[in-house]
Engineer: 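Dropping a structure here in structure tokens format, bear with me for questions.
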Amino acid sequence: MSTLILLLVTGVGLGGLYFLVASGLSLIYGLMGVLNFAHGSFLTLGAFAGLAAAGAVGAGTWGGLLLGLLVGALTGAAAAALTELGLIRPLYNRHIEQVLVTVGLSLATVALFEGIWGPNPRNITGNAWLSDTTELLGARIPNTAFLNILAAALVLGGIVAFLRYTRYGLIIRAGVENRSMVTALGIDVRKAFTLVFAVGGAAAGLGGVLAAQSLNYVSPHMGASLLIFAFIVTVIGGMGSLTGAAVASVVVAVLQQLANSYLNNSGDLIVVLLLALVLLVRPSGLMGRTA
Amino acid sequence: MSEHSPRLDRPQEAGPVLSVRGLSARIAGQQVVHDVSFDVAATGVTALLGRNGVGKTSTLKAVMGLIERSGEVVLDGARVDAERTERIVCRGVGYVPEDREVFAGLTVAENLRLAERVGDHGTSPARKRLVADLFPDLTQRAQQRAGTLSGGQQQMVSLARALLNENRILLVDEPTKGLAPRIVSEVADALAAAARTVPILLVEQNLQVIDRLADRVVVIDAGRVVHTGPARELLDDQAMIQRFLGVHAENEPAHGEPVPGAAAHGKGAHDQVREAATIAEGGE
């Protein structure tokens with residue numbers, strides 16, 4: 001019983017990390033039709049920048065952690081906004097070229113990060129409480145799981161509120177439905193593109209710092225490995241659906257944890273099989289619109 | 001139908017509000033508009049007519065910059081053909097697309113709020129009142145998702161989005177397509193009211209609606225302009241209607257069954273001829 005609870009809670013925590021990456025992917029695809037392969041790089045950069053900032057005020061302290069999360073998010077947002085302005089916008093409406101440029105950027109940035117920080121993972125000095133566990137119904141849950149769940153819930157709530165209550169949120173929701181009609185109402189939809197990239201990049205950068213806390217290391221490759229699952233989550237949830245991404249994040253991560261524990265470490269296999277099943281039965285995803 | 005006086009109560013302004021010169025357009029590499037030139041007068045309704053698939057909708061989209069185009073588009077004396085769609089709109093062009101294109105997942109209020117613009121040709125309190133007066137239904141349904149509205153109500157949303165702003169011109173594409181006869185006349189009422197304050201370039205298949213609203217006509221065939229002139233001259237000449245629009249001005253439409261948009265029910269015998277002369281078939 002306690003093992004099951006442990007797996008469920010850590011699964012939801014891992015789902016929180018997936019969601020932080022997948023939310024941006026889903027929003028960007030929904031509005032712009034671009035699969036952003038560079039999204040993992042925003043995460044990695046956010047993690048390195050956030051941890052450097054945390055180290056500057058005291059690695060392992062609460063102040064350091066909070067500053068790290070903030071700097072990670074801001075770095076992710078800035079990197080994403082610059083990517084949109086510099087690489088995506090000049091290729092306006094040329095979706096294949098836009099996707100290819102993000103593939104190139106992801107490969108180039110990983111090489112760049114390896115050049116700067118070395119190819120091997122670096123251990124980090126974690127916050128003492130985060131390295132500890134809390135007992136819940138007999139299970140000893142790593143505290144990082146709670147932090148991940150909290151952060152993902154706040155980001156989900158924040159993005160939903162942004163989409164529902166702001167003018168740009170309205171423009172983004174309308175643009176996901178029918179981009180050309182938004183321009184035909186006199187709205188420069190390109191500003192919304194930059195904004196969506198920045199919001200997605202912020203969530204990814206935040207996810208990078210949190211992932212480093214959970215893994216206890218940073219590495220130039222951490223973005224790429226999370227990105228794969230975030231893509232799977234985005235497809236299963238339905239491209240462009242934020243709620244779909246949230247639900248699929250939890251489903252995928254919990255399933256992965258359970259399979260890893262009870263079925264000979266077959267978590268990754270089970271997730272890919274789930275992806276295949278969803279694509280066969282419901283190609284538009286759990287909450288995707290039927291195109 | 002009386003003469004055009006209700007719509008021409010303002011003095012005729014000097015030049016056209018919109019001039020199109022040598023406009024060509026492509027969709028997916030295929031040329032759909034060939035060297036089209038016409039003017040839209042600064043008052044009243046100019047109808048853009050032609051058989052199905054001749055490029056009327058594409059012409060409007062090309063003017064809006066929604067499809068790849070070449071040629072001159074002059075709005076209020078300024079070239080706008082190099083500008084992006086949203087810039088053209090902000091110069092005071094209201095666009096009511098074919099098939100309404102309301103945002104189905106957004107509420108009616110959100111659809112309207114999205115359409116509000118700032119600036120010289122933007123939204124004003126007077127315009128909001130006008131829209132509220134014209135479409136009281138929309139106020140009642142403000143919190144309803146636009147996707148759950150009937151076709152006629154969606155058309156009202158689409159028209160309201162354009163009428164909220166102080167536009168210099170409206171481009172309205174097949175506003176009565178697929179609507180029940182009663183709704184067709186409501187839409188025509190709204191357009192007639194709008195035409196008193198803003199010139200309209202109207203694409204329309206329903207000859208009765210054209211008869212009611214249009215002052216002038218521009219006829220397109222195979223992507224080229226083949227006739228321009230007063231609306232009455234065309235409507236009174238059955239041979240011309242047959243030649244340009246491909247319809248028989250008799251009791252039956254040219255191609256069998258009446259179609260959505262063809263308002264040909266419950267009218268007096270003397271109206272039958274004109275009503276039957278509704279251009280058959282759906283969109284382009």
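Chain A is the first sequence line, chain B the second, and so forth, proteins listed ahead of strands; every chain is numbered from 1. FYI, side chains are in, hydrogens and waters are out, and symmetry mates aren't considered; it's all heavy atoms of this structure.
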Engineer: Parallel, tilted or perpendicular: which fits the ring planes of A:Phe229 and A:Tyr18, with parallel below 30° and perpendicular above 60°?
Structural biologist: parallel
Engineer: Between B:Arg69 and B:Asp81 (side chain of the first, backbone of the second, donor and acceptor by atom type, cut-off under 3.5 Å), is there such a pair?
Structural biologist: yes
Engineer: Looking at B:Ala104, B:Ala115, B:Gly122, which has the largest count of heavy-atom pairs under 4.5 Å with chain A?
Structural biologist: B:Ala104
Engineer: Can you tell me which portion of B:Ala162 sits under 4.5 Å from chain A's heavy atoms? Options are side chain, backbone, both or neither.
Structural biologist: neither
Engineer: Does a side-chain N-to-carboxylate-O contact under 4.0 Å join A:Arg94 and A:Glu97?
Structural biologist: yes
Engineer: So for B:Leu66, is it side chain, backbone, both, or neither that comes closer than 4.5 Å to the heavy atoms of chain A?
Structural biologist: side chain
Engineer: Go through the atoms of B:Arg84 and report whether side chain, backbone, both or neither lie under 4.5 Å from a heavy atom of chain A.
Structural biologist: side chain
Engineer: For B:Val102, is it the side chain, the backbone, both or neither that has a heavy atom under 4.5 Å from a heavy atom of chain A?
Structural biologist: backbone
Engineer: Please classify the contact of A:Arg179 with chain B as side chain, backbone, both or neither, using a heavy-atom distance under 4.5 Å.
Structural biologist: neither
Engineer: Before giving the answer on side-chain hydrogen bond (donor to acceptor under 3.5 Å, both in side chains), spell out for A:Thr194 and A:Arg89 the whole-Å C-alpha distance, their side-chain angles and the decisive distance to 0.1 Å.
Structural biologist: CA-CA 9 Å; A:Thr194 314; A:Arg89 182 171 292 194; 2.9 Å; yes
Engineer: Given B:Glu166, which of B:Arg91, B:Arg127, B:Lys128 fulfils the salt bridge (charged side-chain N to carboxylate O under 4.0 Å, His left out) condition?
Structural biologist: B:Arg127
